[in-house]
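For reference, the structure is listed below as structure tokens.
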Amino acid sequence: TPVPVFDLVIFGATGDLALRKLFPALARRLAEGVLPAGSRVVGVVRRVGSEDDLARLVAERLKEDGLSQREIDAFLPMLVPVRVDAKEPDSFKELEKVLSDGERVRAFYLSTPPDLFVPIGRNLALHGLLENGGRLILEKPLGHDLRSARAINGAIGEVLPEARTYRIDHYLGKETVQNLLVLRFANTLFERSWSSRDIDHVQITCAETVGLEKRAGYYDQVGALRDMVQNHVLQLLCLFAIEPPNTLDADAVRDEKVRVLRALRPIAGSEVLTKTVRGQYGAGSVDGRPVPGYLQELGHESMTETFAALRCELDTWRWAGVPIYLRTGKRMAERCSEIVVTFKPVPHSIFPARDSRTALEANRLIIRLQPNDGLRLQMMMKVPGSGRLKLVPRTLDLKYETAFDMRTPDAYERLLTDVIRGDQTLFMRRDEVEAAWSWIDPIVEGWHEYYAVPHRYQAGGWGPSQSIGMIEREGRSWAESD
Ligand code: BG6
């Protein structure tokens with residue numbers, strides 16, 4: 001479907017996310033001819049006088065992002081700066097003036113701290129700006145626990161129906177994540193073995209090399225569990241584990257995702273000591289250069305975790321007894337997000353198991369999100385030759401880069417145009433967000449109750465040794481990435 005003419009209003013236009021992700025995404029879509037002529041991107045700035053700065057900041061950023069001068073020049077005329085104070089109802093009159101055309105699709109992206117979601121929503125409603133199909137796009141964090149998430153969702157629900165509320169989780173816009181449904185439901189091969197019958201266990205890793213990135217104020221309040229697991233990692237788990245939806249309809253897919261979240265067995269009380277590991281990076285070296293520890297970066301004491309590993313299980317027929325190990329962390333050895341599926345051994349090996357030449361390794365499917373997106377399937381092969389039989393694991397390797405001769409769009413490119421088209425499939429419904437918090441809250445409480453302080457790990461490694469211990473106790477090991 002073509003994208004209709006729109007006005008996209010970005011609150012927090014000079015913020016990090018807008019400059020780093022949203023404007024480049026829009027400029028690229030424009031360059032690719034996807035955005036219809038006459039559409040506008042309204043950048044909301046807070047300070048008087050900063051209207052003029054916006055175009056300059058955006059232009060600089062687009063250049064850094066590798067857009068050509070021609071592409072930048074094409075984008076800038078779309079940009080309309082406007083000054084609004086989120087908490088000052090009167091200041092929304094300016095916005096009202098700019099948005100006089102009620103015919104076009106109107107969407108408001110709240111790329112602001114969550115305490116502004118409700119005031120902005122109310123002020124937009126007060127000025128009638130959400131009428132005629134207006135949409136709200138909410139960035140994370142959607143609260144810091146179930147209660148605060150419910151409060152935000154409830155208050156937003158009073159000014160806007162769910163069908164026009166778009167809660168962004170940018171992981172859902174990543175190509176490989178969207179491909180999870182295709183992998184499973186468009187290929188006979190995988191879906192047949194997608195259960196405890198054939199799968200031994202699953203690992204989901206989202207490792208980053210970056211540290212605090214000037215986000216100390218936010219991150220230290222939140223930590224890895226709430227910053228990454230509550231949203232991105234659980235969303236990956238949902239798409240990995242869902243039952244086949246009847247259709248690709250937004251709600252059909254989201255109904256199934258909620259079921260996965262609700263089937264997550266709670267980790268509560270003293271279980272946090274055996275089923276979770278918290279870590280915090282100390283000094284070390286990443287990509288060959290020395291980096292300071294978290295506390296040094298922060299400048300004060302903190303008990304916030306920059307790494308979390310969890311062992312979870314889904315209480316469903318399909319997944320009973322299949323451990324799912326999750327881990328995410330900052331300042332890890334490399335940037336790598338992937339889902340690794342380890343299959344069960346063959347029921348009976350006809351190859352002498354005690355002979356190392358013929359011992360079997362389990363099949364593994366590696367779904368690589370980033371970088372080097374692709375799919376790898378590890379399988380046993382006979383070493384060619386007429387000597388003694390020897391078996392080795394080898395990999396079927398499918399890379400996006402070579403399989404498709406095209407640029408992989410950034411997640412936000414896809415998601416922003418989905419909002420304008422009115423497609424909610426890749427956005428989180430209220431009950432999904434709340435179900436995720438319901439599972440996260442007892443873990444946070446358990447950490448407090450049992451004084452689970454984060455274990456120190458060296459920057460540039462794979463997290464604290466306790467995380468390795470957690471999986472090795474069960475006779476398994478974290479997949480080494482390459
Ligand atoms: C954000 C988190 O949601 O996702 C960040 O707040 C994190 O802490 C980022 O760095 C990771 O996104 P990506 O797309 O770089 O994997």
Side-chain angles (χ1 to χ4, degrees), residues 12 15-22 24-25 28 64-65 109-114 117 137-144 149 166-180 204-237 239 278-281 286-287 291 294 297-298 302 304-308 326-339 367-374 400 408-416 426-428 432-433 436-437 440 454 459 463 481:
D16 193 53
L17 178 80
L19 289 174
R20 253 176 43 186
K21 296 284 186 183
L22 307 184
R28 285 195 191 279
E64 269 171 53
D65 221 70
Y109 197 122
L110 309 195
S111 172
T112 64
F117 290 174
I137 311 168
L138 306 179
E139 246 308 327
K140 62 173 279 252
L142 275 158
H144 53 271
Y166 291 75
R167 296 179 193 80
I168 266 203
D169 184 308
H170 77 283
Y171 268 58
L172 295 179
K174 292 186 193 276
E175 274 300 332
T176 26
V177 179
Q178 294 173 52
N179 193 50
L180 278 172
I204 303 183
T205 296
C206 291
E208 298 184 275
T209 51
V210 295
L212 261 179
E213 293 187 297
K214 301 190 195 123
R215 296 162 81 221
Y218 157 77
Y219 193 84
D220 194 51
Q221 297 296 313
V222 178
L225 183 72
R226 292 189 278 198
D227 181 52
M228 290 291 289
V229 180
Q230 188 272 342
N231 37 74
H232 308 323
V233 179
L234 289 187
Q235 287 292 320
L236 295 181
L237 174 58
L239 288 175
R278 297 178 81 195
Q280 189 187 73
Y281 62 84
V286 174
D287 294 334
V291 295
Y294 181 72
E297 265 188 73
L298 199 62
S302 167
T304 301
E305 82 282 355
T306 61
F307 172 97
L326 314 176
R327 64 175 170 167
T328 182
K330 300 272 187 205
R331 289 282 192 233
M332 306 267 284
E334 56 187 87
R335 176 164 183 256
C336 154
S337 295
E338 63 185 16
I339 303 177
I367 305 166
R368 178 55 96 100
L369 269 57
Q370 60 188 29
N372 312 324
D373 351 5
Y400 268 68
T408 309
D410 183 72
Y412 283 96
E413 296 181 36
R414 166 67 195 257
L415 295 175
L416 286 169
L426 299 179
F427 295 83
M428 293 181 297
E432 273 182 78
V433 175
W437 279 121
I440 293 288
S481 79

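What you see is a predicted model; the values in this text were computed from it and never measured. Starting from 1, each residue takes its place in the sequence as its number. Atoms within each ligand, like the ligands themselves, are counted from 1 in listed order.
- For Q235 (side chain) and L172 (main-chain N/O), no donor-acceptor pair under 3.5 Å exists by modelled atom type.
- For a threshold of 3.5 Å applied to N or O pairs, the pair formed by K330 and ligand 1 contains at least one separation below that value.
- Within the listing of ligand 1, atoms 2 (C), 5 (C), 6 (O), 8 (O) sit less than 4.0 angstrom from a heavy atom of D227.
- In terms of protein heavy atoms, atom 15 (O) of ligand 1 is closest to R335 NH2, 3.7 Å.
- Taking the six-membered ring where the residue is Trp, Y412 and H170 present parallel rings, their angle staying beneath 30° rather than reaching 60°.
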Is there a side-chain contact (heavy atoms from CB on, under 4.5 Å) between N231 and Y171 once you walk through the steps?
CA-CA 9 Å; N231 37 74; Y171 268 58; over 6 Å; no
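- Ranking the protein heavy atoms by distance from atom 7 (C) of ligand 1 puts E208 OE2, 3.4 Å first.
- Interface of K140 with ligand 1, defined as ligand atoms under 4.0 Å from a residue heavy atom, comprises 1 (C), 2 (C), 3 (O), 6 (O).
- Listed by atom number, the atoms of ligand 1 under 4.0 Å from R215 heavy atoms are 2 (C), 5 (C), 6 (O), 8 (O).
- Shortest contact from atom 12 (O) of ligand 1 to any protein heavy atom: H170 NE2, 3.2 Å.
- Side-chain atoms of R331 come within 3.5 Å of backbone N or O of T209 as a donor-acceptor pair.
- Counting only distance, with no hydrogens or angles, the side chain of S337 and the backbone of L369 share no donor-acceptor pair below 3.5 Å.
- If you check which protein heavy atom lies closest to atom 3 (O) of ligand 1, you get H232 NE2, 2.7 Å.
- Of the possible polar contacts, one joining the K140 side chain to the D227 backbone as a donor-acceptor pair under 3.5 Å is found.
- Of all the atoms in ligand 1, the ones that sit under 4.0 Å from a non-hydrogen atom of K174 are 13 (P), 14 (O), 16 (O).
- In terms of protein heavy atoms, atom 16 (O) of ligand 1 is closest to Y171 OH, 2.5 Å.
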For K174 and D373, run salt bridge (charged side-chain N to carboxylate O under 4.0 Å, His left out): C-alpha distance rounded to whole Å, both residues' side-chain angles, the deciding distance at 0.1 Å, then the answer.
CA-CA 10 Å; K174 292 186 193 276; D373 351 5; over 6 Å; no
